[in-house]
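Note sheet for the following structure.
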Amino acid sequence: MAVEHFDVLIIGAGLSGIDAAHHLQKLCPNKSYTIIEQREHIGGTWDLFRYPGIRSDSDMLTMGYSFRPWTHPKAISPGDDIRDYIAATARDAGIDRHIRFGHQIKRAAWSSQDAAWTVDAVRKLPDGRDELVTLTCNFLFSCAGYYRYSAGYTPEFPNIGRFQGRVVHPQAWPEDLDYAGKSVVVIGSGATAVTLVPAIAKTAGHVTMLQRSPTYIVSAPEQDKIANWLRGVMPAMWAYRLSRWKNVAFMIYIYQLARRRPKYVKTGLLKLVREALGPDYDVATHFTPSYNPWTQRLCLVPDGDLFQAIKSGRASVVTDHIETFTEKSIQLKSGKELEADIVITATGLVLQAFGGAELLVDGRSVDLGATLAYKGVMVSGVPNMASVFGYINASWTLKADLICTYVCRLLNFMDRKGVRQVTPMKRDETPVAPFVQNFSPGYIERALAGWPKQGSKAPWRVYQNYIRDSISLKWSPVSNDALEFSNPPEASTKPASRELAEAAK
Ligand SMILES: Cc1cc2nc3c(=O)[nH]c(=O)nc-3n(C[C@H](O)[C@H](O)[C@H](O)COP(=O)(O)OP(=O)(O)OC[C@H]3O[C@@H](n4cnc5c(N)ncnc54)[C@H](O)[C@@H]3O)c2cc1C
């Protein structure tokens, strides 16, 4: 059978994959594309995670697409509404017709001879057998997220096998889990734990959040009053743009303040927690992290729901270490014991780049850990490939939108210049930092060795700054000395980078 060929192959039909398709349709209307999605639905993260209370922890005015207003009154939004928003975006633009569901990409091999990728995917047949599906494309655009879908991360807890209650990871929430009236222990202190605890506390007997160390937690209004008001007095798109810039500016201000005056921000954040929980609560033990604000992602709780659950007595926080599991409880290093019917391990994700696909360039396997990230979008030595990795200090989509625009600019530039291959070349630039810097939750640290690194200067730095990235990805010339443009041998033998750099000036 003839192998199907596309100009662009997008991996993943999540928030970023639909964003990529939208940009391609708008900015590169002559490009053919397909989206390969391993699951049976659109939405990625927002379809996979089904635990009670699942919601965004950044505001949807910045997490929505730049081109489609978020019109729900809740800015911190339930997961279902985010999934519907992504699916509606795909449906309205006919993007859904380009998606091949149930195909997991296993391998992508670049050939410089053909200036093309050969992509191998596995499709599950109705009878359970695997079918190999091979496609080719000129440009590979990975929108596969950043973590493994098959299972989350669970540490090796001593004797967890002895525990007779149910142990559940939020990434695989069982539909039949009945926690009404039960004693539930949630292990973890990140965004998932602080979302789960108040949601479960509504009907559970009692919920204990068991954490090794505290996280910064800040209450924010679930509804953005200014955004909702603006929507009433002007067209939805104008109101959305204004609200988006308001929130971007506020976020940049807070982040910069936290980095420049960490003590001041720390004192302010802890004061808010004290006000929410009352003067008798032990904020020092349970809500005062040892690190400075924003060296790990700050957790947002809508309208202080976590604090309310604690104040009502339906939930509590224990800061301790696990000694061992018994049949009915968790014994802690302090000697305390937590009885539980259900234990929820909100202990994180397993990071995974490019959807776990093996990458080869001209027959050689790519060692991602030895590469440098170009503008946080491409990888040194790997031609015609880009990927989306959003912000860690702001909404993912802000960067996803910029990356999608950049990829379209790059493709159009190559068409204009008549070149088929672009490769970031690190030359004498050396790695000086991991892909994600100044941000160290365990699940990120565990995986960063195998990810592309950052160099010492632009374009080899990965910024967490929307303004800087807008300049770099939207407004700077596409061509520069770090990109080598070329054609396959039969079309042209000489790299065109210098010539193109001249042309771009
Ligand atoms: C619980 C949770 C809450 C979050 N909350 C926020 C938030 O509030 N704000 C924020 O900005 N970010 C948040 N994030 C980060 C979040 O992942 C991004 O917001 C966004 O959903 C990422 O979209 P994506 O499309 O890039 O990746 P994903 O949503 O992960 O989608 C990737 C898609 O690629 C598919 N795929 C992966 N590998 C393959 C393969 N080999 N073959 C075929 N298909 C593949 C997947 O099935 C999936 O559909 C959260 C993450 C989690 C886990």
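Small disclaimer: the values here were computed from a predicted structure and weren't measured. Because only heavy atoms are used, hydrogens play no part in the values below, and waters and symmetry mates are left out as well, while side chains stay in. In each ligand, atom 1 is the first atom listed, and ligand 1 is the first ligand listed.
In summary, the side chains of Gln223 and Lys225 do not present any donor paired with an acceptor at a separation below 3.5 Å, with no hydrogens or angles considered. Between Arg231 and Asn228, the side chains place a donor N or O and an acceptor N or O closer than 3.5 Å (distance only, hydrogens not considered). Between the side chains of Asp401 and Ser66, at least one donor N or O lies within less than 3.5 Å of an accepting N or O. Side-chain contact of Trp396 with Ser58: a donor-acceptor pair under 3.5 Å is absent, judged by distance alone.
When side chains are defined from C-beta on, Pro293 counts as touching Leu269, because their heavy atoms get closer than 4.5 Å.
Each of Ile11, Gly12, Gly14, Leu15, Ser16, Ile36, Glu37, Gln38, Arg39, Gly44, Thr45, Trp46, Phe49, Tyr51, Ser56, Asp57, Ser58, Met63, His103, Gln104, Ile105, Cys143, Ala144, Gly145, Tyr146, Tyr147, Tyr149, Arg297, Gly355, Ser395, Trp396 has a non-hydrogen atom positioned under 4.0 Å from some atom of ligand 1.
With sequence neighbours left out, the ring pair (Phe, Tyr, Trp, His ring centres under 6.0 Å) criterion links Trp173 to no other residue.
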